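Below, chains carry the letters A, B, ... as their sequence lines are ordered, and counting in each starts from 1. Side chains included, hydrogens not; waters and symmetry mates left out as well; all remaining heavy atoms used. Just so we're clear, the structure is a prediction, and the values are computed from it rather than from any experiment.
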Amino acid sequence: MPDLQPVRGTHDILPDEMRRHRRVEETARALGLRYGYAEMATPIFEFADVFARTLGETSDIVTKEMYTFRDKGGDGITLRPENTAGVVRAFLSNGLQQQLPLKFFYRGPMFRYERPQKGRMRQFHQIGVELLGVADPLADVEVIALGQHLLDELGVADRTTLELNTLGDSESRAAYREKLVAYLRDFETKLSEDSRARLGRNPLRILDSKDEGDRRIVAGAPPIAASLNDSSKRFFDSVCRGLEVCKVRYRLNPRLVRGLDYYNHTAFEFTTEALGAQGAVLAGGRYDGLVEQMGGPPTPGTGWAAGVDRLALLLSEPEAWAGAIAVVPVGAGETDAALGLVQRLRRAGFAADLGFSGNMSKRMKRADRIGARVAVVLGESELARGIATVRDMKTGEQDEVPLSALEDRLARYR
RNA sequence: GCGGGCGUAGCUCAGUUGGUUAGAGCAUUCGGUUGUGGUCCGAAGGGUCGUGGGUUCAAGUCCCAUCGCUCGCCCCA
């Protein structure tokens, strides 16, 4: 007998939670379409290289969080930890370079081998958009505006804050990195252990440290802004101006950086206080170097990903199901008539339910429990007269309706 | 991967300084009601007390390990 517990960091999504997931995903899909982002899907696993090469060999995701295994053919396979790399791979595999610009929406499960926490699982779900082929900052503005629009639509915007920063182009980023490291070297012995390790690998991340001592040191660090070259400055100004035009409110956060190597220029994060340590619900940025890094032609890109599970946690109570029409046979003699009727109603576009067994009292009880708004009672006396008793489950009022007129009478319950 | 807290019925929880047959509410099922749900009344089912080991005459209770959940760190959606 295998262990009946699901694998650590995974869980079953039962109907209540599934409704929330669907609401997040369907709202996003519909909204994405309105902005011109077409849904696509990539496989949930790829050759390990697709992620190892693009996310940065030293990133935590690659070094300790990937689900990687050898398949029977000996290939190194990785369960996708995120989907941007997959989308870019698909873009190149399918020769879509000729059709730029391209806008994609995706949804699906992702996998990271991490210690589970609230809002953080080993199998989790993301939705995301990618906009390829547009170097103009208007592209960043569009994807951020779409993100804001989605959070508004889901009714969670009042609990999130948009934080915005720029990393500059690669030249600015490299220059800043140098300045920052030079500054931090002086405090090396005072930095936290984690941050000392990051100094060589990923010094920008130190800006983001939650350690008290680190924060004091970082407070005196040179700002990114001072290292930006003119074009990077202009780019960021345009993004900010565009957001203002779109009435998207943001907060500049010069310490916001990104964990993945392929980001440049715009970095943003919609964060919430409501999820404990897992603050980010929707985050992304620009990744102009990624396509080239994967072997394609230089192609700019920008986009974001959002955590479906996290957004689902923020959603208010799921809206109750509209409720079916319960067809209730009084006795065994009316079973066939009831079966025929329930199927006829379903074909006509109604949600209709036929309890499978029990006397009338049982069936009424069940009708109540599934939230039926109306019960159609079929008994011997009804059938003899070619009518049905229609009972409103809320008011308790009931009247007799000719069988032939049922669809019309029930129209408002469709 | 590191540190803290918590595991008793489907859910929320009680369970005395270790003591005999582990309880309640809600939920479920059945009955009161052979043509009417919600309310009410009655009854029933449901537990290897997370798991394994140890201490003890005796462990839900104490100790150790382990698994899971949870909070924080790391990282990130």
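Here the side chain of A:Met360 is nearest to one of B:A77, B:U36, B:C71, namely B:U36. Among B:C69, B:G35, B:A77, the nucleotide with an atom closest to any side-chain atom of A:Glu382 is B:G35. For A:Arg8, whose side chain is taken as the heavy atoms from C-beta onward, the closest listed nucleotide among B:G68, B:C73, B:G35 is B:G68. When distances are taken from the side chain of A:Tyr113 to each of B:G1, B:G38, B:C71, the shortest belongs to B:G1.
Using C1' as the reference atom, B:U21 and B:G15 are 15 Å apart when rounded to the nearest Å. B:C75 and B:U29 have their C1' atoms separated by 49 Å, given to the nearest Å. Rounded to whole Å, the separation between the P atoms of B:C30 and B:G23 comes to 26 Å.
When Watson-Crick and G-U wobble pairs are counted only if both distances are under 3.5 Å, B:G7 pairs with B:C67.
Applying the 3.5 Å distance criterion, the base of B:G37 shares a donor-acceptor pair with the side chain of A:Arg391. Evaluation of atom-type donor-acceptor distances gives no pair under 3.5 Å for the side chain of A:Ser361 against the base of B:G35. Residue-to-nucleotide contacts include no donor-acceptor pair under 3.5 Å from the side chain of A:Arg115 to the base of B:C71. Donor-acceptor pairing under 3.5 Å, judged by distance alone, is present between the side chain of A:Gln398 and the base of B:U36.
When the side-chain nitrogen and oxygen atoms of A:Lys362 are compared with OP1 and OP2 of B:U28, none of them lie within a distance under 4.0 Å. OP1 or OP2 of B:U29 sits under 4.0 Å from a side-chain N or O of A:Arg369.
Using cut-offs of 30° and 60° on the angle between ring planes, the pair A:Tyr35 and A:His149 is perpendicular.
Here the CG atom belonging to A:Leu79 is positioned 5.5 Å from the CZ atom belonging to A:Phe69, to the nearest 0.5 angstrom.
A:Arg414 forms a cation-pi arrangement with A:Phe350, by the criterion of a distance under 6.0 Å to the ring centre and an angle within 45° of the ring axis.
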Could you go step by step and tell me if A:Arg89 and A:Glu46 meet the salt bridge (charged side-chain N to carboxylate O under 4.0 Å, His left out) rule? CA-CA 9 Å; A:Arg89 195 233 78 227; A:Glu46 299 271 355; 2.6 Å; yes
